[in-house]
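Side-chain atoms are counted along with the backbone in the values below, which use heavy atoms only and exclude waters and symmetry mates.
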Amino acid sequence: MKQDLALITIEEVNKSGELALNNEQLNLILSKTPEQYVKQRPAKGGGTWDYVTGGYVKKKLNLMFGWLWNFEIVDERIEIAAKEVIVKGRLTCEVNGKQIVKMQYGNKDIIFRRGTEIPLSIGNDLKAAATDCLKKCAA
């Protein structure tokens, strides 16, 4: 059974005082993700994870903020021994003359050439970590 991820309602948000977001933006944030955009992939250790694509998140950000948002990578690390890349990113959204800023980390396991410890494409791994980071910031 899928759980509703909205931990707060519009009514609860409106009680909190001055808002940067209008009701339409709040509805976009708090609405359930349509099933056709929820994908699944194998999870480490078995089972599956539900996820949405980076393209879906960017579409939602564009609808909410009219393209007045920016995402930048603040730091990146390539950890060959841990077999992962890690990025720290910042999402900045402009709304009603105010900025909303969120920072988060994203990561991606390094893909190695078959039978070796030679990375296949660190660039692609960093891009995937950046997308993971954007999604976490937007969450």
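The backbone N or O of Asn107 lies less than 3.5 Å from a partner atom in the side chain of Asp132, making a donor-acceptor pair. Listed for the Glu79 side chain is no donor-acceptor partner under 3.5 Å among the backbone atoms of Glu84.
For the pair Val85/Ile110, a side-chain contact is recorded, criterion being any heavy-atom separation below 4.5 Å from C-beta on. Residues Phe71 and Cys133 have side chains in contact (heavy-atom distance under 4.5 Å, counting atoms from C-beta outward). In this structure the side chain of Ile86 reaches within 4.5 angstrom of the side chain of Tyr105, judged on heavy atoms. Lys88 is listed as a side-chain neighbour of Met103, based on a closest heavy-atom distance under 4.5 Å. In this structure the side chain of Leu126 reaches within 4.5 angstrom of the side chain of Val87, judged on heavy atoms. Residues Phe65 and Val95 have side chains in contact (heavy-atom distance under 4.5 Å, counting atoms from C-beta outward). Considering only heavy atoms from C-beta on, Ser121 stays 4.5 Å or farther from Ile111 through its side chain. Residues Leu61 and Leu91 are in side-chain contact: their nearest non-hydrogen atoms beyond the backbone lie under 4.5 Å apart.
Within 6.0 Å of atom CZ in Phe112, more than 12 heavy atoms from other residues, nucleotides or ligands are found, so the atom counts as buried in its surroundings. The number of heavy atoms from other shown groups lying within 6.0 Å of CD (Glu72) is above 12. With a 6.0 Å radius and a threshold of 12 heavy atoms from other residues, nucleotides or ligands, Lys102 has its NZ atom at or below the threshold. Enclosure of atom NZ in Lys58 is not indicated, since only 12 or fewer non-hydrogen atoms of other residues, nucleotides or ligands lie within 6.0 angstrom.
Between Tyr56 and Val52, the shortest heavy-atom distance links the atoms CD2-CB, 3.8 Å. Minimum heavy-atom separation, Gly106 to Lys136: CA-NZ, 4.4 Å. Closest of all the heavy-atom pairs between Thr131 and Gly54 is CG2-CA, 3.7 Å. Closest non-hydrogen pair, Leu28 versus Lys60, comes out as O-NZ, 3.2 Å.
Cluster annotation: Leu30 is connected to Leu63 through the hydrophobic network of ILVMFWY side chains, with a link wherever side-chain heavy atoms come within less than 4.5 Å. Tracing side-chain contacts under 4.5 Å through hydrophobic residues (I, L, V, M, F, W, Y), one never reaches Tyr37 starting from Tyr51; they form parts of separate clusters.
Within the structure, the salt bridge (Lys or Arg N to Asp or Glu O under 4.0 Å) test picks out the following pairs touching residues 38-48 (sequence neighbours left out): Lys44-Asp109. Listed by first then second residue, pairs satisfying side-chain hydrogen bond (donor to acceptor under 3.5 Å, both in side chains) with a partner in residues 111-120 number zero, not counting sequence neighbours.
No hydrogens or angles considered: nothing links the side chains of Lys59 and Asn62 as a donor-acceptor pair under 3.5 Å.
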Tell me, with the steps shown, if Ile100 and Trp69 meet side chain to side chain contact (heavy atoms under 4.5 Å, CB included). CA-CA 9 Å; Ile100 300 169; Trp69 62 274; over 6 Å; no
